[in-house]
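Shown next, in C-alpha cells, is the structure this report addresses.
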Amino acid sequence: MRIIIMGPPGAGKGTQAKHLAQHHGIPAISTGDIFRANVSLATPLGLEAKRYLDAGEYVPDEITNNMVRDRIGEPDAAGGFLLDGYPRTLAQVEELDGMIEPTGHELDAVISLVVDEDEVVTRLLQRARIEGRADDTEDIIRRRQEIYLEQTSPLIGAYRERGLIVEVDGLGEVDEVTKRILSACDSSADAIC
Ligand code: ADP
C-alpha cells in the first residue's frame, strides 16, 4: 500500500499519518521530520536544509527527492509506505512516479485533508507555544500557507485526474478525523487506502 497524505500546514497530516501507518502496518515517512532530525543532529543535509526550514521555504527539489528516494528504498518500506509532506511540487510528483514505477507498484491513494485557513493558523500558533518549532511564528506560518497555495494545492487537481484523491474534512478531534479517513477510504470507488 502506497499512500500520500496532503493538506495545508497545520491540517494535522503528521498526526493522522502516524495513526494510519500504524493501522496499515507501514512506515509513515515525514519529510519535515527527517529534515528536522537532520537539523538537530547538524548533519550536512541538516546544515543545508536549515535556512529553508527557518524561512518556511521549500527545500530545493534535488535535495528532497534524493532524500525520499533513499528512504523509500529502505527495507521497511518495501511493502508500502505513507508519505507525509511529499510530494509538494508538481516536479516532485513526477519524481515520485519515477521512483515507484520500477518497483512494479502504483500509488494507491492520496488523502486530502481539508481545513479552513484561519483554523490552521490558530492551530499552528498553539503548537508554537507547546512545541516551539522554529518555523511556527506568525509571519512564517503565513509564508508557508502562501507557498502551499501556490505550489502544493495544484497537486490535488493532478491527483484527482488520476482518480486517487480521497477528500476528508480535517476539522475535529484527532480520533474523529482518523475514523473519517478510514470510512472515506472504505467507500472510495477507485482509491485504495
Ligand atoms: P508543515 O506542513 O506544517 O509546513 P512539515 O513538517 O511537513 O510542516 O514541513 C516543514 C518544512 O520542511 C517545510 O516548510 C519545508 O521547508 C520542508 N519540507 C518538507 N517537505 C518538503 C518537500 N517535499 N519539499 C520541500 N521542502 C519540504
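Order of listing sets the numbers, starting from 1, for every ligand and every atom in it.
- Which parts of ligand 1 touch R36 is read off a 4.0 Å heavy-atom cut-off, strictly below it: atoms 6 (O), 10 (C).
- Ion pairing of D139 with R142 is absent here, as no side-chain N (NZ or NE/NH1/NH2) approaches a carboxylate O to less than 4.0 Å.
- The R127 neighbourhood of ligand 1 comprises atoms 3 (O), with distances under 4.0 Å to a heavy atom of that residue.
- Contacts with ligand 1 closer than 4.0 Å are made by no heavy atom of R123, backbone or side chain.
- Closest to atom 3 (O) of ligand 1, if we only count protein heavy atoms, is R144 NH2, 2.8 Å.
- Between the side chain of E119 and the main chain of V115, no donor-acceptor pair closer than 3.5 Å is present.
- Listed by number with element, the atoms of ligand 1 under 4.0 angstrom from any heavy atom of G85 are 20 (N), 21 (C), 22 (C), 23 (N).
- Atom CD of E131 is surrounded by more than 12 heavy atoms from other residues, nucleotides or ligands within 6.0 Å.
- Looking only at protein heavy atoms, the nearest one to atom 11 (C) of ligand 1 is L53 CG, 4.0 Å.
- Comment: D118 does not engage R123 in a salt bridge, judged by the lack of any side-chain N to carboxylate O separation of less than 4.0 angstrom.
- No side-chain donor-acceptor contact under 3.5 Å links K13 to the backbone of I5.
- Exactly one of N65, D61, T152, T64 qualifies for a side chain to side chain donor-acceptor pair (under 3.5 Å) with T89. That residue is D61.
- Of all the atoms in ligand 1, the ones that sit under 4.0 Å from a non-hydrogen atom of F35 are 12 (O), 17 (C), 18 (N), 19 (C), 27 (C).
- Near T64, the atoms of ligand 1 lying under 4.0 angstrom from a non-hydrogen atom of the residue are 22 (C), 23 (N), 24 (N), 25 (C).
- When the shell of 6.0 Å around CD of E94 is examined, it contains 12 or fewer heavy atoms from other residues, nucleotides or ligands.
- The nearest protein atom to atom 15 (C) of ligand 1, hydrogens excluded, is given as E57 O, 3.5 Å; this is a heavy-atom distance.
- At the top of the distance list for atom 26 (N) of ligand 1, counting protein heavy atoms only, stands V59 N, 3.0 Å.
- Atoms of ligand 1 lying under 4.0 Å from at least one heavy atom of K13, given by number and element, are 2 (O).
- Protein heavy atom nearest atom 20 (N) of ligand 1, with residue, atom name and distance: T31 OG1, 2.7 Å.
- The nearest protein atom to atom 19 (C) of ligand 1, hydrogens excluded, is given as R88 NH1, 3.2 Å; this is a heavy-atom distance.
- A salt bridge is defined here as a Lys NZ or Arg NE, NH1 or NH2 lying under 4.0 Å from an Asp or Glu carboxylate O, and D135 with K50 fails to meet this definition.
- For R162 (side chain) and Y159 (main-chain N/O), no donor-acceptor pair under 3.5 Å exists by modelled atom type.
- The protein atom (non-hydrogen) at minimum distance from atom 8 (O) of ligand 1 is R133 NH2, 3.2 Å.
- Ligand 1 places these atoms under 4.0 Å from at least one heavy atom of Q92: 22 (C), 23 (N), 24 (N), 25 (C).
- Under a 4.0 Å N-O distance rule, the pair D136/R127 qualifies as a salt bridge.
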